[in-house]
Amino acid sequence: MEFTDALVMGKPLWMWVIFMIVVVVLLALDLGLFHRKAREIGVKESLLLSAFYITIGLAFGAWVWVNVGPTSGKEYLTGFLVEKTLSMDNIFIMSVIFSYFGIPRIYQHRVLFYGILGVIVLRGIVIGIGAWLVATFHWVLYIFALLLIFTGIKMLFTSDEAPDIEENFALRTMRRLLRITPKLHEQRFFVRLPDDKTGAIVTWVTPLFVAMILIEIVDVIFALDSIPAIFAITTDTFVVYTSNIFAILGLRALYFALAAVIDRFSYLKPALAIILVFIGSKIFVADLAGWEKFPSTVSLGVTVALIAGGILYSLWRTQTEPKDNPPGGKMHDTHVGDADGRHISN
């Protein structure tokens with residue numbers, strides 16, 4: 001057996017190598033070509049980049065379909081769509097964090113880029129732990145399923161509220177342990193400045209770095225929903241990890257395209273809640289029906305129908321609702337940051 005045919009988590013090494021090459025090339029293009037210099041990203045460019053990343057993600061799904069099989073291909077596409085939809089909540093939280101620190105759009109991309117590098121590693125660790133748990137204790141799948149059902153039901157009956165960043169435990173901890181500059185220093189994460197007490201030149205962290213850490217923490221929290229969701233769709237570690245990463249890679253572009261109009265998709269949340277309940281219920285339905293596995297075609301079809309329905313219904317309802325009364329009861333405080341990193345409530 002050739003070295004490249006050696007199995008790594010159930011798949012030949014060459015498949016993992018191809019996946020990693022695609023990811024590295026995309027990241028290199030993002031940093032080295034698309035955004036080599038700090039600049040503000042417009043909505044048109046964001047939409048084009050989002051379409052590019054979604055196309056790449058879907059193309060990789062087609063590649064999985066051909067090289068692994070139709071079932072795995074459908075599971076990849078289902079996972080990709082679910083993860084992409086779940087990322088809508090990430091976009092809302094990112095917007096709140098950037099607004100709180102008054103970070104201009106011109107510097108936001110750098111935070112999101114390096115944040116995504118951390119996400120790739122963190123998701124890999126969490127997925128690895130999840131794969132080991134599922135392989136060692138099969139009943140963990142039922143725990144994941146129940147968590148999804150509970151999360152979906154809770155999501156249906158709770159209203160969205162902007163998180164209180166000021167009282168966030170992680171932020172309060174960083175303020176105690178780190179020297180944080182009161183203002184931004186362009187797109188730098190660290191600066192050398194005099195200490196307030198001793199006057200000695202020491203290292204400070206900027207609000208840009210703090211925002212990046214908070215976004216990383218938010219992703220770990222959201223992974224508690226997304227990882228059980230993808231494992232309830234498939235236990236194939238390759239499909240789980242690749243669908244997660246390709247859904248996340250385009251998150252930066254999607255953020256710049258949707259951050260200003262996130263309220264137009266407020267009715268997507270109930271659709272997502274139903275999807276989580278549906279995915280969590282599949283394992284129990286399959287057991288009751290005596291199936292080895294819930295049909296992947298049905299799973300993909302239901303997921304696509306619910307997401308499409310949620311998007312179309314959101315666009316229709318929000319088009320006719322008063323702008324000062326956001327749908328779903330979600331009220332946002334918009335902050336406009338100045339160059340010094342302060343924030344001013346509108």
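Throughout, residue positions are numbered sequentially from 1 according to the sequence presented. No experiment lies behind these values; they were computed from the predicted model shown.
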Hey, is the main chain of Ala247 close enough, under 3.5 Å, to the side chain of Lys84 for a donor-acceptor pair? yes
Mind checking what makes ring-ring contact (aromatic ring centres under 6.0 Å, His included) contact with Trp65, not counting sequence neighbours? none
The criterion is ring-ring contact (aromatic ring centres under 6.0 Å, His included); which residues satisfy it with Tyr241, sequence neighbours excluded? Phe19
Starting from the C-alpha separation in whole Å, work towards a yes-or-no answer on side chain to side chain contact (heavy atoms under 4.5 Å, CB included) for Val23 and Leu26. CA-CA 5 Å; Val23 171; Leu26 288 175; 5.7 Å; no
Keeping to residues at least two apart or across chains, list the salt bridge (Lys or Arg N to Asp or Glu O under 4.0 Å) pairs with something in residues 114-127. Glu83-Arg123, Arg123-Asp219
Taking atom CZ of Phe150 as the centre, does the number of heavy atoms from other residues, nucleotides or ligands within less than 6.0 Å exceed 12? no
Give me the other members of the hydrophobic cluster that Val202 sits in, counting Ile, Leu, Val, Met, Phe, Trp and Tyr linked by side-chain heavy atoms under 4.5 Å, directly or via other members. Val191, Leu193, Trp204
Distance-only, no hydrogens or angles: does the Ser243 side chain make a donor-acceptor pair with backbone N or O of Val240 under 3.5 Å? yes
Enter the distance from Thr242:OG1 to Ile18:CD1 here, rounded to the nearest 0.5 Å. 12.0 Å
How would you list, by chain and number, every residue that makes a side-chain hydrogen bond (donor to acceptor under 3.5 Å, both in side chains) with Lys282, sequence neighbours excluded? Ser299
Step through it carefully: locate the ring centre of Trp139, locate the ring centre of Tyr142, and say whether they are under 6.0 Å apart. no
Using a 3.5 Å distance criterion without hydrogens, assess whether the side chain of Gln108 forms a donor-acceptor pair with backbone atoms of Ile103. yes
If you take the centroid of each ring, where Trp contributes its six-membered ring, are Phe209 and Phe190 closer together than 6.0 Å? yes
Aromatic ring proximity, centroids under 6.0 angstrom, Tyr76 and Phe238: no
Can you sort out the partners of Tyr313 under side chain to side chain contact (heavy atoms under 4.5 Å, CB included), two or more places apart, ordered by chain and number? Tyr267, Trp316, Arg317
Residues that Leu306 engages under side chain to side chain contact (heavy atoms under 4.5 Å, CB included), provided they are two or more places apart: Ile274, Ile275, Val302
Report the distance from atom CG of Leu77 to atom CZ of Phe80, rounding to the nearest 0.5 Å. 8.5 Å
Arg179 versus Val205: any side-chain heavy-atom pair under 4.5 Å? no
Salt bridge (Lys or Arg N to Asp or Glu O under 4.0 Å) partners of residues 232-244, not counting sequence neighbours, each pair once: Lys11-Asp236
Closest approach of Ile279 and Ala232, non-hydrogen atoms and distance? CG2-CB, 3.5 Å
In Å and rounded to the nearest 0.5 Å, what is the CG to CD1 distance from Leu146 to Ile283? 9.0 Å
Look up atom NZ in Lys154 and atom CG in Leu147, then write down how far apart they are to the nearest 0.5 Å. 11.5 Å
List for me each residue that meets salt bridge (charged side-chain N to carboxylate O under 4.0 Å, His left out) alongside Asp287, sequence neighbours excluded, and say none if there are none. none
How far apart are the C-alpha atoms of Ile248 and Ile120, what are their side-chain angles, what is the distance that settles it, and do they pass the side chain to side chain contact (heavy atoms under 4.5 Å, CB included) test? CA-CA 8 Å; Ile248 292 169; Ile120 291 174; 5.9 Å; no
What pairs with Arg188 under side-chain hydrogen bond (donor to acceptor under 3.5 Å, both in side chains), at least two apart in sequence or on another chain? none
Under 30°, 30 to 60°, or over 60°: which ring-plane class applies to Trp132 and Phe137, parallel, tilted or perpendicular? perpendicular
Partners passing side chain to side chain contact (heavy atoms under 4.5 Å, CB included) against Ile21 (at least two apart in sequence or in another chain): Val17, Val25
With sequence neighbours excluded, tell me which residues meet side chain to side chain contact (heavy atoms under 4.5 Å, CB included) with Trp291. Val285, Ala286, Ala289, Phe294, Pro295
